[in-house]
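The structure presented is a predicted model; accordingly, all values stated were derived computationally and were not measured. In what follows, chains are A, B, ... by sequence order, proteins preceding strands, each numbered from 1. No hydrogens, no waters, no symmetry mates; every other heavy atom, side chains included, goes into these values.
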Amino acid sequence: QKEVEQNSGPLSVPEGAIASLNCTYSDRGSQSFFWYRQYSGKSPELIMFIYSNGDKEDGRFTAQLNKASQYVSLLIRDSQPSDSATYLCAVMSAGGTSYGKLTFGQGTILTVHP
Amino acid sequence: AAGVIQSPRHLIKEKRETATLKCYPIPRHDTVYWYQQGPGQDPQFLISFYEKMQSDKGSIPDRFSAQQFSDYHSELNMSSLELGDSALYFCASSLWGNSNQPQHFGDGTRLSIL
C-alpha cells in the first residue's frame with residue numbers, strides 16, 4: 001500500500017461543475033498537506049496547502065483536511081477547461097532528518113470538457 | 001518573485017555516460033530537495049540537503065551523488081547512465097524548520113538516455 005493514495009482517475013467533469021479530488025495517507029504523524037497541479041511535461045505547481053483540520057478556501061479551490069480519518073481533499077468549483085491536468089496530493093514528513101520530504105500520491109488526471 | 005532555477009532544461013546522453021544537473025534555490029532558502037519523475041509516475045524523492053549537509057536520502061541509486069555548495073546551490077551527479085534513468089528531475093527548495101512552508105519546484109531537467 002502506498003503511503004499516499006489518491007482516488008483513481010481519470011476524472012472527467014463538464015465545464016462549470018465541481019471537481020472533487022481525494023487523498024488518504026498512512027502516516028498519522030503527518031502535519032502538512034499539499035495539492036499540486038501538473039501539466040504534461042511541466043513541473044508541479046502549488047495549488048493549496050493545509051495543516052489544520054477543516055476547510056481552507058482560495059478562490060475556486062477548497063482544501064479539506066480530516067486528520068482523524070487521515071483524509072485530505074481538494075474541491076475545484078466552476079471547473080474550467082484550463083483546470084485539466086494531473087493533480088498530485090503530497091504529504092510532508094515532519095520527523096527528524098526526513099523533515100520536509102514530500103511523498104506524493106499517484107496523481108489524478110482531471111479533464112474538464114466544454 | 002525569484003523561483004527555483006534548474007539547468008539544463010533538457011539533456012540527452014548515451015548509456016554509460018555521466019550527467020550533472022544543477023539547482024539554484026530561491027534566495028534565502030537553506031534546504032534543497034531532488035525528485036525524479038519517470039513517465040506516468042509520481043515524483044519520487046531522491047535526496048535532500050540542509051545547510052550543505054545531506055539531510056535525507058531516498059531511492060537514489062549508488063551511481064548518483066549530490067552535494068550542496070556554500071551558495072546553497074546543489075548539483076546532482078549521475079554516472080553510468082542507464083535507459084531507466086530517463087526522467088524528469090525536479091529540484092525544490094524551502095526553509096528548514098517551517099512545516100508550513102510549501103516547497104516550490106523548479107522547471108525541471110528532462111534527461112533522455114539513448
First locate atom [atom1] of [X], then atom [atom2] of [Y], and finally report the distance between them rounded to the nearest 0.5 Å.
{"X": "B:Tyr35", "Y": "A:Thr103", "atom1": "OH", "atom2": "OG1", "result": "7.5 Å"}
{"X": "B:His104", "Y": "A:Ser43", "atom1": "NE2", "atom2": "OG", "result": "11.5 Å"}
{"X": "B:Gln37", "Y": "A:Gln38", "atom1": "CD", "atom2": "CD", "result": "4.0 Å"}

Close side-chain approach of B:Pro43 to A:Leu102, heavy-atom, < 4.5 Å: no
Exercise: identify the closest heavy-atom pair between A:Lys101 and B:Phe45: CD-CD2, 3.1 Å
Under 4.5 Å between side-chain heavy atoms, counting indirect links through other Ile/Leu/Val/Met/Phe/Trp/Tyr residues: same cluster for [X] and [Y] or not?
{"X": "A:Leu88", "Y": "A:Leu46", "answer": "yes"}
{"X": "B:Leu88", "Y": "B:Leu46", "answer": "no"}
{"X": "B:Leu83", "Y": "B:Leu111", "answer": "yes"}

Flag if over 12 foreign heavy atoms under 6.0 Å of NZ, A:Lys42: no
Atom CG of B:Asp71: over 12 foreign heavy atoms under 6.0 Å: yes
Verdict with supporting geometry, A:Tyr36 and B:Asp42, side-chain contact (heavy atoms from CB on, under 4.5 Å): CA-CA 11 Å; A:Tyr36 287 87; B:Asp42 54 277; over 6 Å; no
